Each structure stands twice: as C-alpha cells, then as structure tokens.
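Count residues from 1 along the sequence. All values reported here derive from a predicted model rather than from experimental measurement. Ligands are counted one by one from 1 in listed order, and the atoms in each one are counted from 1 as well. Any value given below was found using the heavy atoms of this structure, including those in side chains, with hydrogens, waters and symmetry copies removed.
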Amino acid sequence: MPMPIRHRLQPWVTAWGAGLILISAIAAQALSAEVRREDCEKSYKPSTGQAGKDVVWVPTNDPLVTRMLEMAKVGKNDLVYDLGAGDGKIAIAAAKQFGARAVGVEYNPDMAQLAQCMVKAEGVGDRVKVVQGDIFETDFSAASVVTLYLLPELNLRLRPTILKMKPGTRVVSHSFLMDDWRPDESSVSTDGAAYLWIVPAGVAGQWTFKQQRGNDSFEVTLEQAFQKLSGTVGKGTDEISNAEMDGNRIEMMFSEGDVQTRLKGELKGNQIEAQVTRNDVTSTFIGTRR
Ligand SMILES: C[S@@+](CC[C@H](N)C(=O)[O-])C[C@H]1O[C@@H](n2cnc3c(N)ncnc32)[C@H](O)[C@@H]1O
C-alpha cells in the first residue's frame, strides 16, 4: 500500500526544520559575537596627527579624559556631546566611567565608523552613539555637557552657539581657550590642560528687588561680560563687587554707606529669587527686570 504523502514528506520537513534552527543559531551567534577593539581597527586604523576637516586627529590621553569629565561633574543624567569625536574615547568614557549618555560628532566617515565600532566593543551601544557630521552644522543644543579638543579659533567659532545653550551647560576643552571668555576652572598638569566653562544666564539690565515679606527694596543696574557682572546700586553711586553668574545662580555684594549687602540668588524665568543678607539679617527678595 502506498505511504500517505504526509508521511513521505515528514523526514524532509523534519530535516528542513532542523536546518533552519541550525542556520538561525549560527546567525544569532554571529550577531552576538563580541566585537573587539582590534577587530574595529582591522577595517580602519587612524594615525595620530592625520588630517581632519578643520583640525587633525590627536586623541586625548586617558587620565585627561577622566579629569575633563570630572571637572564637568558628569553623571548619569547628563547628555555629553564630544565635538570632533575621533575614535569616540571621550563619549565612551562618559558612559563607561560616569554612566552618562553621550554623542560623538565626527566628520571623517571612516573615523566615525571606527568610533561606532569601538562603542560596540566597549559594550556601551545602549548609551553612546557616534554621528558622522560637521560640528558647525550639527545641533548639539540638547547637550548638558560639551567636550572639545579642537583649536582656539574653532572654539571661538563655536562660542556664540555655546553661549545660547541652556544656562548651566558645562563645556570642557582640552588645551584651548575661548578668547576673552575666561574659564570658570582650569586644571593644568603633566597630562595636559583642561578648562571648564559654565554657560551663564543673561541678567544684564535694570532690576528692582523687593523684600517678599517686608517693605525693603533696592535697585540694581547690571552689566554682564559672560559670567562676570559689574554694575551699580540705587542712584548709581555704589558699585557692586564680587558679582558673577554660575549658570542660573547669581552672587554679588555691595555697600550703601556703612551697610554691607550680600545677595545670593537664582534666575527663575524672568525673576531672580534671592537671599539678601544685611546687618547679619537674611531675607528673601524677588528681583524683576524693568
Ligand atoms: C584633536 S581630535 C580630538 C578627538 C577626540 N575628541 C579626543 O579628544 O580624543 C579632533 C577630531 O575632530 C575631527 N574634526 C575636525 N574637523 C571637524 C568638523 N568640522 N566636524 C566634525 N569633526 C571634525 C577630526 O577628524 C578629529 O578626529
């Protein structure tokens, strides 16, 4: 009696199924195979000092990478952008050592691909990406920390964009300054120099401060050069001193006659909420711009 067709096909179906399982297993293994740094460099190995679009590639040394990220107080809630990312080491360190998310922007397509491969090799693909692009055409406004190892003139070209970023954004540069925008912190050692800036809020103008619970008030006129403030109080005869911004935070001192005033506050929306200490008495004042 002829075998039913179902039975005749059974061994084929079984073999085909087993083959499929085997192929899937091999493919899955290949996909999950660990990428190693050496593998990344098999396709492209850059050499120190090689030309880049606006600046050559020279990697920041490891201790300085860590110090730069420490200066910026990078943490797990930060989004770090490394502008001119090279092999991605700063972005990778931001994620591996400090738990941050990071984006590297690199113009050279081979270098960007190498950096993306390094990201995988270091196991931080869930938190780090490298995009191929020009730092002068890339929107990095979402960053809470920006790292740079470029050139003084490139820092200066980026400066207007950086100054429009959210107040409090930290910017760290390896070696190079920002012309007359003086750093908030400098760290120079045998590993190299690193500089930190904190994007200041803009507070220039005329302010009236009124005591929240009381009738006291005073007028302040502020001029601003980056984080540094200068200005006068009242009718313009008393100068303010030690005045500066730290992101949205403001501090200043002034004296009217014998009375010393110390103001510490924060810009919140259009107002400055401040603790004002006079004759050892501290009270809350609200400043509004006229
Ligand atoms: C001095 S290396 C710094 C690399 C990395 N940030 C580090 O500190 O190790 C500068 C990098 O910027 C890249 N670069 C130059 N001009 C660029 C541009 N306009 N846009 C994006 N990347 C650029 C270069 O290819 C190079 O990899």
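Q271 and T288 share no side-chain donor-acceptor pair at under 3.5 Å.
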Give one line per pair: atom of ligand 1, protein atom, distance. Only N/O to N/O under 3.5 Å.
| from | atom 1 | to | atom 2 | distance (Å) |
| --- | --- | --- | --- | --- |
| ligand 1 | 6 (N) | D82 | OD2 | 2.9 |
| ligand 1 | 6 (N) | G84 | O | 2.7 |
| ligand 1 | 8 (O) | T60 | OG1 | 2.5 |
| ligand 1 | 9 (O) | T60 | N | 2.9 |
| ligand 1 | 16 (N) | D54 | N | 2.9 |
| ligand 1 | 19 (N) | D54 | OD2 | 2.7 |
| ligand 1 | 19 (N) | D134 | OD1 | 3.0 |
| ligand 1 | 20 (N) | I135 | N | 3.0 |
| ligand 1 | 22 (N) | Y107 | N | 3.1 |
| ligand 1 | 25 (O) | E106 | OE2 | 2.7 |
| ligand 1 | 27 (O) | E106 | OE1 | 2.7 |

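A salt bridge is defined here as a Lys NZ or Arg NE, NH1 or NH2 lying under 4.0 Å from an Asp or Glu carboxylate O, and D62 with K89 meets this definition.
Cation-pi contact between R157 and F136: present, with separation from the ring centre below 6.0 Å and deviation from the ring axis of at most 45°.
In this structure, the separation between CG on L114 and CG on D110 is 9.0 Å, given to the nearest 0.5 Å. With values rounded to the nearest 0.5 angstrom, R101 atom CZ is found 9.5 Å from K129 atom NZ.
For F285 and F218, the distance between ring centers is under 6.0 angstrom.
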